[in-house]
Number of protein chains: 2
Amino acid sequence: MPPIREMLAETGITEQQWRVLRVLAEYGPQSSSTLASRASLLFPSLTRIAQTMHAKGLITLSRDEDDRRRQMIAITNDGQKIIDEKADRALEIVAEVKQRIGEDKYEVLLDILAQLDPDHAEGA
Amino acid sequence: MPPIREMLAETGITEQQWRVLRVLAEYGPQSSSTLASRASLLFPSLTRIAQTMHAKGLITLSRDEDDRRRQMIAITNDGQKIIDEKADRALEIVAEVKQRIGEDKYEVLLDILAQLDPDHAEGA
DNA sequence: GATATTTAATTCACATGTTAAATAATTTCA
DNA sequence: TGAAATTATTTAACATGTGAATTAAATATC
């Protein structure tokens, strides 16, 4: 999404990394698989993205004590800072797109998307 | 699109390469830039894809005599064969998706897509 | 309790997306 | 005409998509 990319340009993160931060900020620490699903990313993609984001200091990685296969991921202060700084603007952009499409068509669009791929459906 | 990828699996080509073949079959030989636009591909992507497809013997490459900067691209018999073998099935898949979404919603969807990105709008 | 199976992640290999920089041929114009 | 600007394409560098193979930990089962 061009306007989102534009918004993120100065932060140096991608749209996918932005989604990862949003999910972590919303749901708290979670396993790789849960995070991948919530951020609409394939597992192998998330693995790579997590490595990049860890190197950037945006997330922390640790192993679940009860099940050491599980990779637990959490947001750092630096990661949260990006969310805090850009959340408002992101909402604006979504509102703009929604308005440009029109309320009615937007509803239909969400409906179609949910129908084509139920797993990606938003809670809204 | 999963069902299209499934259809193409045995041919060894990707969805993007399928789009390139379809455009070449429909419009005939054309320049890289025209082809990229019609196939909804970024120019650098098309350059790489064309190299791959040329190596596979699916397209031919030549320079425009009037303007040697222009890369002209045409489909080969092997490329056309893939189109001939899969065109019917592709139409079926599109029809299935259309039916699954529903005529009305499908119309709205095309409308939204055209509105969000006029350049990608289909002639239909 | 040791082996087989399953599960969670990771790694690989190849393909495309994306932006910026570099080339090369053509056109403009002083 | 010859340097400057423009245009068409290519190349480069990095990121994600995708499907298959691999690894490591946990669970099942005999």
Side-chain angles (χ1 to χ4, degrees), chain A residues 1-23 29-56 58-74 117 119-120, chain B residues 1-21 23 29-56 58-73 117 119-120:
Chain A
M1 202 128 127
I4 294 286
R5 278 205 297 280
E6 186 183 347
M7 169 188 92
L8 295 174
E10 63 185 75
T11 71
I13 72 172
T14 66
E15 290 187 72
Q16 288 81 354
Q17 292 171 19
W18 167 255
R19 283 212 302 279
V20 167
L21 289 181
R22 277 204 316 162
V23 169
Q30 55 202 286
S31 70
S32 290
S33 53
T34 302
L35 177 54
S37 170
R38 286 173 171 157
S40 298
L41 292 169
L42 293 180
F43 213 145
S45 293
L46 178 64
T47 296
R48 278 176 312 201
I49 291 171
Q51 291 166 350
T52 301
M53 295 180 76
H54 179 248
K56 287 182 179 176
L58 302 177
I59 60 174
T60 62
L61 303 176
S62 61
R63 290 283 162 183
D64 183 316
E65 280 310 310
D66 295 338
D67 186 340
R68 318 261 304 225
R69 289 172 305 183
R70 280 210 152 73
Q71 175 77 68
M72 299 301 291
I73 302 182
D117 191 351
D119 296 344
H120 282 189
Chain B
M1 205 128 119
I4 294 286
R5 278 202 297 280
E6 186 182 347
M7 169 188 91
L8 295 175
E10 62 184 75
T11 71
I13 71 172
T14 65
E15 291 187 73
Q16 289 80 357
Q17 292 171 20
W18 166 255
R19 283 211 303 279
V20 166
L21 289 182
V23 169
Q30 55 202 285
S31 71
S32 291
S33 53
T34 302
L35 177 54
S37 170
R38 286 175 172 156
S40 298
L41 292 169
L42 292 180
F43 212 146
S45 293
L46 177 63
T47 296
R48 279 176 312 201
I49 291 171
Q51 291 165 351
T52 301
M53 295 179 75
H54 180 247
K56 288 182 179 176
L58 302 177
I59 60 173
T60 62
L61 303 176
S62 62
R63 289 285 163 183
D64 184 315
E65 280 310 312
D66 294 340
D67 186 340
R68 319 261 304 229
R69 289 172 305 182
R70 278 209 154 76
Q71 175 78 67
M72 298 303 290
I73 302 182
D117 192 351
D119 297 342
H120 282 192

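Letters A, B, ... mirror the listed sequences (proteins, then strands); counts begin at 1.
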Could you tell me whether the side chain of B/Arg69 has a donor or acceptor atom within less than 3.5 Å of a complementary atom in the base of D/dT9?
->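 No, the side chain and the base share no sub-3.5 Å donor-acceptor pair.
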Given that B/Glu65 and A/Ser31 both sit by DNA chain C, which one's nearest nucleotide is further toward the 5' end?
->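 The residue closer to the strand's 5' end, by nearest nucleotide, is A/Ser31.
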Roughly how many Å is it from [atom1] in [X] to [atom2] in [N], rounded to a whole number?
X: B/Leu8; N: C/dT16; atom1: CG; atom2: P; value: 12 Å
X: B/Ile13; N: C/dA15; atom1: CD1; atom2: C1'; value: 13 Å
X: B/Met53; N: C/dC14; atom1: CE; atom2: P; value: 19 Å
X: A/Arg68; N: C/dT10; atom1: CZ; atom2: P; value: 14 Å
X: A/Asp66; N: D/dA26; atom1: CG; atom2: P; value: 9 Å
X: A/Arg70; N: D/dA26; atom1: CZ; atom2: C1'; value: 10 Å
X: A/Gln71; N: D/dA25; atom1: CD; atom2: P; value: 13 Å
X: B/Phe43; N: D/dT11; atom1: CZ; atom2: P; value: 12 Å

B/Thr60 versus B/His54, closest heavy-atom pair with distance |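 That closest heavy-atom pairing would be CA-CD2, 4.3 Å.
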Heavy-atom pair with the smallest gap, counting every atom of A/Ile49 and A/Gln16 |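 Minimum heavy-atom separation between A/Ile49 and A/Gln16: CD1-CB, 3.9 Å.
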Please list all pairs passing the salt bridge (charged side-chain N to carboxylate O under 4.0 Å, His left out) test where one or both residues lie in residues 9-19 of chain A, with sequence neighbours left out.
->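 Qualifying pairs: A/Arg5-A/Glu15, A/Glu10-A/Lys86.
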Taking only N and O in the side chain of B/Gln51, is any of them less than 4.0 Å away from OP1 or OP2 of D/dT11?
->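 For D/dT11, OP1/OP2 do have a side-chain N/O of B/Gln51 under 4.0 Å.
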Any B/Thr47 side-chain N or O less than 4.0 Å from OP1/OP2 of D/dT10 |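 So the side chain of B/Thr47 is within the cut-off, an N or O lying under 4.0 Å from OP1 or OP2 of D/dT10.
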Just verifying a value: how many Å separate [X] [atom1] and [Y] [atom2], rounded to the nearest 0.5 Å?
X: A/Leu35; Y: A/Leu46; atom1: CG; atom2: CG; answer: 5.0 Å
X: B/Met53; Y: B/Thr14; atom1: CE; atom2: OG1; answer: 7.5 Å
X: A/Ile59; Y: A/Met72; atom1: CD1; atom2: CE; answer: 12.0 Å

Between D/dT11, C/dA25, D/dA26, which one does the side chain of B/Asp67 approach most closely?
->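 Nearest nucleotide to the side chain: C/dA25.
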So with a 6.0 Å cut-off around CZ of B/Arg63, is the heavy-atom count from everything else above 12?
->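 More than 12 heavy atoms, drawn from other residues, nucleotides or ligands, come within 6.0 Å of this atom.
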Tell me what B/Glu6 touches on the nucleic acid: a base, only sugar-phosphate, or nothing, going by heavy atoms under 4.0 Å.
->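 Answer is nothing: B/Glu6 stays at 4.0 Å or more from every strand.
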Determine, for nucleotides 15-20 of chain D in 5'-to-3' order, which nucleotides have protein heavy atoms under 4.0 Å from the base (write B), from only the sugar-phosphate (write S), or from neither (write -).
-> SBBBBB
